[in-house]
Amino acid sequence: MTLKVFNTLGRKKEAFEPLEPGKVRMYVCGPTVYDSCHIGHARSVVVFDVIARYLRVKGYDVTYVRNFTDVDDKIIDKANQLAIEPQDVAERYIKEFYEDMDALNVERADIEPKATAHIHQIIRFIEHLMDEGFAYQTNSDVYYSVEKFNEYGKLSGRRLEEMEAGARVEVDIKKQNPFDFVLWKSSKPGEPAWKSPWGMGRPGWHIECSAMSCEYLGEMFDIHGGGKDLTFPHHENEIAQSEAIFKKPFVKYWIHNGFVNINQEKMSKSLGNFLMIKDAIKAYHPEAVRLFLLSKHYRSPIDFTEKAMDEASAGLDKIYSLFERTVEKVGLATVGDTEPGDCWEKFCEAMDDDFNSARGVGILFDTVRKVNRTLDQNNGELSSELQTAILTIQTDILRIGQTLGILLESPKTYFDKKRSKVLQQKSIDPSVIENLIQERNAARREKNWEKADEIRLRLQDLNISVEDRPEGTIWKITN
RNA sequence: GGCGGCAUAGCCAAGUGGUAAGGCAGCGGUCUGCAAAACCGCUAUUCACCAGUUCGAAUCUGGUUGCCGCCUCCA
């Protein structure tokens with residue numbers, strides 16, 4: 001099976017062939033740490049987390065770099081607002097980033113460099129650009145001259161001449177071309193500043209990624225990712241910087257994820273509709289958030305709504321419920337005990353097609369239904385063949401879960417946590433529930449159906465549904 | 001103004017030349033004291049619209065309409 005990847009550079013799917021066989025070097029633009037992460041950050045980070053996991057599953061030796069932009073105007077603004085140091089702002093939000101991403105089961109990147117820890121490399125990079133004639137100094141600022149780079153615009157499909165016609169960019173008189181961008185910015189008193197050949201200042205935004213990707217991945221590497229909005233100007237500028245110096249293709253595959261809307265609206269400051277990760281995971285299980293994010297293709301926009309999240313939660317319940325059943329029948333295997341089966345192979349086919357996790361999720365539910373059917377049809381003892389078959393499928397589902405970063409809890413833990421969360425929210429003592437269930441079962445034994453049903457209705461009002469199973473009554477939280 | 005994307009059932013969503021995955025909701029059934037859960041069946045002759053290419057198109061081409069994104073250091 002060959003993996004195909006949609007490359008923004010060229011805008012088509014291409015067979016994935018890393019520069020060095022068996023190795024993948026990938027760089028993803030991380031956040032500018034001036035505020036809490038919102039659901040849009042979550043999508044980008046989760047999508048690339050899954051891409052990295054899948055590449056590893058495919059057997060590639062992956063080196064994954066994701067940076068933190070920890071020096072920036074917005075960080076400085078925030079520091080002024082809070083009357084603290086910019087680096088404290090950055091530290092605070094890096095800490096929050098980890099809290100959010102850990103909750104979402106995002107694996108750490110192999111290297112997570114910060115811009116401020118690479119000032120030396122950045123300055124050297126800029127010097128290099130000056131030497132090669134791609135940059136110029138005005139007062140104490142250094143700019144990149146886009147006109148010097150012939151291929152400027154090749155990633156985003158723009159041409160300098162065409163852009164100028166309708167550009168709304170305010171013309172900065174210090175720039176030779178309105179699209180020239182700052183490489184080194186002189187500092188005002190009190191701002192973070194480093195000594196440089198051009199005076200005290202700080203790096204522009206784009207240069208850190210060129211400098212740090214080179215530092216950790218070399219002059220050329222395989223995958224560079226980020227949100228769609230970064231295509232222009234950020235990634236276009238990175239190409240201009242890196243290719244100007246190294247005179248060869250900077251990145252082989254550019255991957256960009258689509259945006260998250262909230263109730264069909266773009267998240268924006270003016271609408272005040274930013275959904276922060278920490279709030280989303282208060283309301284929903286983090287795995288439900290992941291399942292939601294992965295149930296649509298990564299390049300399409302996705303709409304965050306309460307309904308969509310309820311459906312994702314219900315879907316997750318459905319899978320964990322299946323595990324409850326299979327664990328009882330065949331026990332819980334761990335990935336590695338069993339050879340991958342058909343289900344896993346179909347999932348891989350989907351993922352091989354430009355990481356089509358949406359199709360993969362479809363296959364997951366398809367499989368869940370098949371196992372439930374098998375269990376329904378074989379109510380009594382399972383033959384050893386069936387047990388083995390179910391174990392294989394169960395393990396496939398777990399394998400898929402590991403790739404998508406879901407299904408990492410035991411069904412018991414999952415449902416227990418869900419229960420206690422809701423009970424806590426509603427300040428209900430679980431023993432009250434248990435007592436009601438006992439009372440209802442007593443009524444049922446006496447065939448007092450009226451009383452039993454009345455108790456069931458009372459529980460329903462508390463968002464609790466009861467299931468009378470052959471082996472006893474259990475209760476669950478409904479969404 | 002420039003560049004790009006999208007339009008598939010009530011809703012969400014796969015599907016890039018071979019006769020419409022999956023989820024949610026709905027209806028009917030099996031199971032059940034009744035339910036719930038699970039399963040089975042039904043639910044798009046049709047993929048925004050028009051024209052074209054082809055033996056054959058949701059998929060390719062041209063056009064129309066509608067929505068959205070980027071061109072603002074927003075993932």
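Source: prediction; values computed, not measured. Atoms considered below: every heavy atom in the structure, side chains included; atoms not considered: hydrogens, waters and symmetry mates. Note on naming: letters A, B, ... go to the chains in the order of the sequence lines (proteins, then strands), and numbering restarts at 1 for each one.
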No-hydrogen, no-angle side-chain donor-acceptor test under 3.5 Å, A/Thr32 and A/Lys74: no
What integer number of Å spans the P atoms of B/rG2 and B/rU64? 14 Å
Whole-Å gap separating C1' (B/rC34) and CG (A/Leu457): 11 Å
When rounded to the nearest Å, what value does the distance between P atoms of B/rA9 and B/rC71 take? 31 Å
For atom C1', what is the distance between B/rU8 and B/rC40, given to the nearest Å? 26 Å
Checking A/Ser210 against A/Ser242: is there a side-chain donor and acceptor pair closer than 3.5 Å? yes
Closest of B/rC34, B/rA38, B/rC73 to the A/Trp205 side chain is B/rC73
At under 4.0 Å between heavy atoms, what does A/Arg373 touch on the DNA or RNA strands: base, sugar-phosphate, or nothing? sugar-phosphate
Checking N1-N3 plus N6-O4 or O6-N4 for Watson-Crick, or N1-O2 and O6-N3 for wobble, each under 3.5 Å, the partner of B/rA9 is none
Quick one: label A/Gly226 by what it contacts on the DNA or RNA (base, sugar-phosphate, nothing), any heavy atom closer than 4.0 Å. sugar-phosphate
Neighbour count above 12 (heavy atom, 6.0 Å) for A/Lys476 NZ: yes
According to a cutoff of under 5.5 Å between the ring centres and under 30° between the ring planes, does A/Phe365 stack with the base of B/rG22? no
Just the rounded figure in Å: distance from P of B/rC74 to CG of A/Asp35. 12 Å
Is there a side-chain contact between A/His285 and A/Glu409 in this structure, where contact means two heavy atoms from C-beta onward sitting under 4.5 Å apart? yes
Mate of B/rG1 where both pairing distances stay under 3.5 Å, Watson-Crick or G-U: B/rC71
With a non-hydrogen cut-off below 4.0 angstrom, is A/Arg440 in contact with a base, only sugar-phosphate, or nothing? base
Whole-angstrom distance between B/rG26 and B/rU53, as gauged at atom C1': 41 Å
Roughly how far apart, to the nearest Å, are B/rU61 and B/rU54 at atom C1'? 12 Å
For A/Ile319 and B/rA38, give me the distance from atom CD1 to atom C1', rounded to whole Å. 15 Å
Below 4.0 angstrom from OP1 or OP2 of B/rG15, is there any side-chain N or O of A/Asn356? yes
Atom CZ of A/Phe347 and atom P of B/rG22 are separated, to the nearest Å, by 18 Å
Do A/Asp354 and A/Tyr298 meet the criterion of a side-chain donor-acceptor pair at a distance under 3.5 Å? yes
Applying the 3.5 Å cut-off to both distances, the Watson-Crick or G-U partner of B/rU43 turns out to be none
Give me the distance, rounded to whole Å, that separates B/rA7 from B/rA58 when you measure between the C1' atoms they each carry. 11 Å
Every protein N/O within reach of nucleotides 27-30 of chain B N/O, cut-off under 3.5 Å:
none

Say we look at B/rG29 and B/rU43: how far apart would their C1' atoms be, to the nearest angstrom? 15 Å
Can you see if the side chain of A/Asn372 gets near the phosphate of B/rC39 - specifically, an N or O under 4.0 Å from OP1 or OP2? yes
Reckon A/His297 touches a base, only the sugar-phosphate, or nothing at all at heavy-atom distances under 4.0 Å? sugar-phosphate
Please determine whether a side-chain nitrogen or oxygen atom of A/Lys318 lies at a distance below 4.0 Å from atom OP1 or OP2 of B/rC24. yes
Is it the case that the base of B/rC34 and the side chain of A/Asp468 share a donor-acceptor contact (distance under 3.5 Å, atom types as modelled)? yes
Parallel, tilted or perpendicular: ring planes of A/Tyr27 versus A/His224, cut at 30 and 60 degrees: tilted
With under 30° as parallel and over 60° as perpendicular, where do the rings of A/Tyr414 and A/Tyr320 fit, or are they tilted in between? parallel
I'd like to know whether the aromatic ring centres of A/Phe97 and A/Phe68 sit less than 6.0 Å apart in this structure. yes
Per nearest nucleotide of RNA chain B, the residue lying toward the 5' end, A/Ile39 or A/Asn261, is A/Asn261
Can you name the one residue among A/His297, A/Lys13, A/Lys4 that meets side-chain hydrogen bond (donor to acceptor under 3.5 Å, both in side chains) with A/Asp353? A/Lys13
More 5' along RNA chain B: A/Trp449 or A/Arg359, using each one's nearest nucleotide? A/Arg359
Of the candidates B/rA36, B/rC74, B/rA38, the side chain of A/Lys266 sits closest to B/rC74
Heavy atoms under 4.0 Å, any strand shown: does A/Gly362 hit a base, just sugar-phosphate, or nothing? base
Could you state the CD-C1' distance from A/Glu349 to B/rG22, rounded to the nearest angstrom? 16 Å
Hey, are A/Trp198 and A/Ser186 close enough side-chain-wise for a donor-acceptor pair under 3.5 Å? no
How long is the line joining NZ of A/Lys476 and P of B/rA38, in whole Å? 8 Å
Output yes when at least one side-chain N/O atom of A/Arg369 is less than 4.0 Å from OP1 or OP2 of B/rG22, else no. yes
Hey, can you tell me if A/Trp254 and A/His235 have their rings parallel, tilted or perpendicular (30° and 60° cut-offs)? tilted
Please list each protein N or O that sits under 3.5 Å from an N or O in nucleotides 4-10 of chain B, with the distance.
none

Stacked cation flag A/Arg108 on A/Tyr98, 6.0 angstrom / 45 deg: yes
When all nucleic acid strands are considered with a 4.0 Å heavy-atom cut-off, which category describes A/Val45: base, sugar-phosphate, or nothing? nothing
Using the P atom on both, measure B/rU46 against B/rA21 and round to a whole Å. 16 Å
Grab the CG-C1' distance between A/Leu275 and B/rA75 for me, whole Å please. 14 Å
What contact category does A/Val47 fall into here, base, sugar-phosphate, or nothing, at under 4.0 angstrom with non-hydrogen atoms? nothing
Applying a 3.5 Å limit to both distances, which nucleotide forms a Watson-Crick or G-U wobble pair with B/rA37? none
Sugar-phosphate, base or nothing in reach of A/Asp366, heavy atoms under 4.0 Å: sugar-phosphate
Could you tell me whether A/Phe232 contacts a base, only the sugar-phosphate backbone, or nothing, with contacts defined as non-hydrogen atoms closer than 4.0 Å? sugar-phosphate
Would you indicate what A/Lys185 reaches in the nucleic acid, counting non-hydrogen atoms under 4.0 angstrom: base, sugar-phosphate, or nothing? base
Please confirm whether A/Arg43 makes a cation-pi placement over A/Phe259, using NZ or CZ under 6.0 Å from the six-membered ring centre and within 45° of the ring normal. no
Given A/Tyr143, A/Tyr136, A/Tyr144, the one that forms side-chain hydrogen bond (donor to acceptor under 3.5 Å, both in side chains) with A/Asp180: A/Tyr136
Do any side-chain nitrogens or oxygens of A/Arg469 fall under 4.0 Å of OP1 or OP2 in B/rA37? no
Distance-only donor-acceptor test (3.5 Å): side chain A/Arg456, base B/rC34: yes
What is the distance, rounded to the nearest whole Å, between atom CG of A/Asp310 and atom P of B/rG23? 18 Å
If we call it a pair only when both distances are under 3.5 Å in a Watson-Crick or G-U wobble match, what pairs with B/rC55? B/rG18
